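Contents: one structure, followed by commentary.
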Amino acid sequence: MTMNLTNEPLTYIANQAEKALLYEVALSPKPGLVDRYNSGAHDDMDFYTFIESIVSLTPYLLQYVQLGNEHEGSPIELFDKVRKLGMQAEKAMLKATKNINTHKGANFSFAVLLAATGFYVNHAEQLPFTEKDTEKVFAYAKAMSHGLVTHDFANLDAKPALSYGEKLFLEYGITGIRGEAEAGYPILSELVLPFLRANRNRPTEELLLENLLLLMSEVEDANIIHRGGIASWQLVKSEAKQLLQDSKEGNLKELLYHYDEILIQRHLSPGGAADLLALGIFFAKLENLF
Ligand SMILES: CC(C)(COP(=O)(O)OP(=O)(O)OC[C@H]1O[C@@H](n2cnc3c(N)ncnc32)[C@H](O[C@H]2O[C@H](COP(=O)(O)OP(=O)(O)OP(=O)(O)O)[C@@H](O)[C@H]2O)[C@@H]1O)[C@@H](O)C(=O)NCCC(=O)NCCS
Ligand SMILES: Nc1ncnc2[nH]cnc12
């Protein structure tokens with residue numbers, strides 16, 4: 001029998017997710033992405049669309065944590081509950097953005113990870129998180145998402161309209177955000193969080209911009225692939241790696257302004273990396289890293 005917490009620590013957890021979404025969109029200059037300076041390679045959304053989107057998702061962030069905290073069944077049963085709530089959140093988001101997809105991927109992952117966090121946290125003293133706490137949440141998220149890829153991508157041939165993610169699975173076997181969830185978010189546990197922990201004393205903006213480049217150099221970003229194909233994605237990955245090297249000269253922002261122009265010209269946007277950056281910020285906040 002689990003002990004359900006009062007709302008205060010649960011609200012605290014949901015607030016860190018809201019902050020993470022705000023930090024991500026405010027971070028500038030981000031190559032190809034919407035930020036404070038421009039709309040990157042997007043002509044249907046801007047900074048304010050993201051503000052509307054985040055405000056529409058905010059009440060759901062707390063509900064995801066509460067759902068997890070009150071849950072008493074299996075991890076798969078929690079996934080089923082949270083998927084339904086996530087669909088309502090997705091509807092609210094699309095209403096607020098006038099049908100623009102700002103945070104479909106982020107909403108999905110925050111739903112899974114906030115529910116897993118809510119399930120894991122039974123004592124207010126568990127906050128702030130240690131590395132071990134974060135790992136336990138990933139393990140639970142993995143159990144929640146067991147079988148997701150097989151389940152979601154079964155019978156695609158019979159579906160009349162396919163999402164970008166579904167098309168990429170059929171064409172290349174790319175599993176996107178579902179694959180990341182089913183594996184327990186290794187990109188966060190093995191790449192993002194070790195980087196943020198090791199560099200916790202650096203200025204936040206610089207740290208997060210570098211973290212975004214690090215993600216762009218590794219993530220199988222379905223957004224870049226659906227817009228530009230595999231060759232464009234490979235090129236972006238190697239360019240991001242090179243930029244990380246070059247920025248050791250202390251000119252990170254200058255390099256990023258320039259690379260933003262390049263990705264705008266190529267009409268490419270690393271939306272998957274942006275979502276993962278927000279998730280990384282959330283756990284960094286729970287661990288009090290900045
Ligand atoms: C499982 C769902 C959440 C999504 O399934 P669906 O098949 O509908 O969508 P996907 O195409 O698979 O993409 C989902 C979003 O995931 C992001 N993403 C892509 N690659 C990765 C990756 N490697 N790691 C992490 N995240 C990734 C990506 O989001 C970003 O892109 C958005 C813009 O995308 P898009 O609409 O394609 O826009 P444009 O390129 O601008 O398109 P055009 O204008 O050119 O047409 C941006 O917002 C970023 O967020 C993908 O969009 C869903 O089906 C589901 O289960 N929903 C249920 C509700 C729910 O979430 N429940 C709670 C959890 S169980
Ligand atoms: N800042 C951003 N710009 C474009 N797409 C995104 N998806 C998530 N964050 C984004």
Side-chain angles (χ1 to χ4, degrees), residues 20-47 49-51 53-54 57 60 63-64 67 76 78-94 97 99-116 141 144-145 148-149 151-153 156 159 161-170 174-183 185-188 212 215-216 218-228 233 260 263 267-280:
L21 290 167
L22 289 166
Y23 272 51
E24 183 274 304
V25 70
L27 185 70
S28 310
K30 295 193 295 291
L33 293 160
V34 175
D35 60 25
R36 300 201 308 280
Y37 306 147
N38 64 32
S39 295
H42 295 268
D43 46 23
D44 55 359
M45 52 187 172
D46 61 16
F47 188 73
T49 322
F50 275 83
I51 301 295
S53 177
I54 293 167
L57 290 176
Y60 294 96
Q63 289 180 56
Y64 295 143
L67 204 60
I76 296 281
L78 181 55
F79 185 88
D80 290 341
K81 285 191 213 166
V82 93
R83 191 155 225 189
K84 287 196 191 89
L85 184 59
M87 282 158 77
Q88 287 175 35
E90 208 175 281
K91 263 195 201 148
M93 176 198 85
L94 290 172
T97 61
N99 265 332
I100 307 296
N101 172 15
T102 39
H103 285 121
K104 186 159 69 165
N107 174 54
F108 169 83
S109 290
F110 270 117
V112 173
L113 289 167
L114 284 169
M144 283 172 70
S145 316
L148 176 64
V149 170
H151 172 273
D152 270 23
F153 292 140
L156 285 186
K159 260 187 105 174
L162 296 181
S163 70
Y164 291 128
E166 291 166 338
K167 280 186 197 153
L168 290 178
F169 178 75
L170 282 185
I174 286 171
T175 56
I177 191 55
R178 296 170 178 87
E180 196 55 46
E182 186 163 352
Y185 292 90
I187 196 99
L188 297 180
L212 176 63
L215 278 164
M216 288 168 63
E218 294 288 339
V219 173
E220 198 176 71
D221 198 314
N223 249 75
I224 297 207
I225 303 172
H226 93 70
R227 283 195 183 196
W233 165 59
D260 188 24
L263 288 199
H267 191 58
L268 293 178
S269 168
D275 285 350
L276 292 163
L277 176 67
L279 297 167

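Atoms within each ligand, like the ligands themselves, are counted from 1 in listed order. Keep in mind that what you see is a predicted model, and the values were worked out from it rather than measured.
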- Relative to each other, are the rings of His226 and Tyr164 parallel, tilted or perpendicular (30° and 60° limits)?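 His226 vs Tyr164 ring planes: parallel.
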- His103 and Phe50 aromatic ring geometry - parallel, tilted or perpendicular at 30°/60° bounds: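 The rings of Phe50 and His103 stand perpendicular, inter-plane angle above 60°.
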For [atom], the protein heavy atom that lies nearest, with its residue and separation:
atom	result
atom 15 (C) of ligand 1	Gly105 CA, 3.6 Å
atom 19 (C) of ligand 1	Ala222 CB, 3.5 Å
atom 8 (C) of ligand 2	Asp275 OD1, 3.2 Å
atom 25 (C) of ligand 1	Ile177 CD1, 3.2 Å
atom 61 (O) of ligand 1	Phe108 CA, 3.3 Å
atom 7 (N) of ligand 2	Thr102 O, 3.5 Å
atom 23 (N) of ligand 1	Glu220 O, 2.7 Å
atom 5 (O) of ligand 1	Arg178 NH2, 3.0 Å
atom 2 (C) of ligand 2	Phe50 CZ, 3.5 Å
atom 43 (P) of ligand 1	Tyr164 OH, 3.5 Å
atom 35 (P) of ligand 1	Asn101 ND2, 3.5 Å

- Query: Is the shortest N/O to N/O distance between Glu24 and ligand 2 below 3.5 Å?
  - Reply: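 Indeed, backbone or side chain, Glu24 has an N or O that close.
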- Check: Val34 N/O within less than 3.5 Å of ligand 2 N/O: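 N/O-N/O distance under 3.5 Å: yes.
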Which one of [options] has a non-hydrogen atom at the shortest distance from [atom]?
atom	options	answer
atom 56 (O) of ligand 1	Arg83, Glu218, Lys167	Arg83
atom 47 (C) of ligand 1	Leu279, Asp221, Thr102	Thr102
atom 57 (N) of ligand 1	Met144, Glu90, Lys84	Glu90
atom 7 (O) of ligand 1	Ser109, Ser269, Gly271, Ser163	Ser163

Backbone N/O of [Y] and side chain of [X]: donor-acceptor pair under 3.5 Å:
X	Y	answer
Lys30	Val25	yes
Ser163	Glu166	yes
Glu24	Leu277	no
Asn107	Phe110	no
Asp221	Gly272	yes
Asp35	Ala26	no

Any [X] side-chain heavy atom under 4.5 Å of [Y] side chain:
X	Y	result
Met144	Val82	yes
Val34	Thr102	no
Ser53	Leu21	no

May I ask you to identify, for [X], whether its side chain, its backbone, both or neither come under 4.0 Å of ligand 1 on a heavy-atom basis?
X	answer
Val219	side chain
Asp275	side chain
Ala111	side chain
His226	side chain
Leu168	neither
Met87	both

Does any N or O of ligand 1 fall below 3.5 Å from an N or O anywhere on [X], backbone included?
X	answer
Glu166	no
His267	no
Gly165	yes
Asn223	yes

- ligand 2 versus Asn223: contacting region, heavy-atom distance under 4.0 Å: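 Under 4.0 Å from ligand 2, Asn223 contributes no heavy atoms.
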- Might you check, step by step, whether the distance between atom 12 (O) of ligand 1 and some protein heavy atom is under 4.0 Å?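 True for atom 12 (O) of ligand 1.
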- Going by the order shown, which atoms of ligand 2 are within less than 4.0 Å of some heavy atom of Lys30?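 Matching atoms, with element in brackets: 1 (N).
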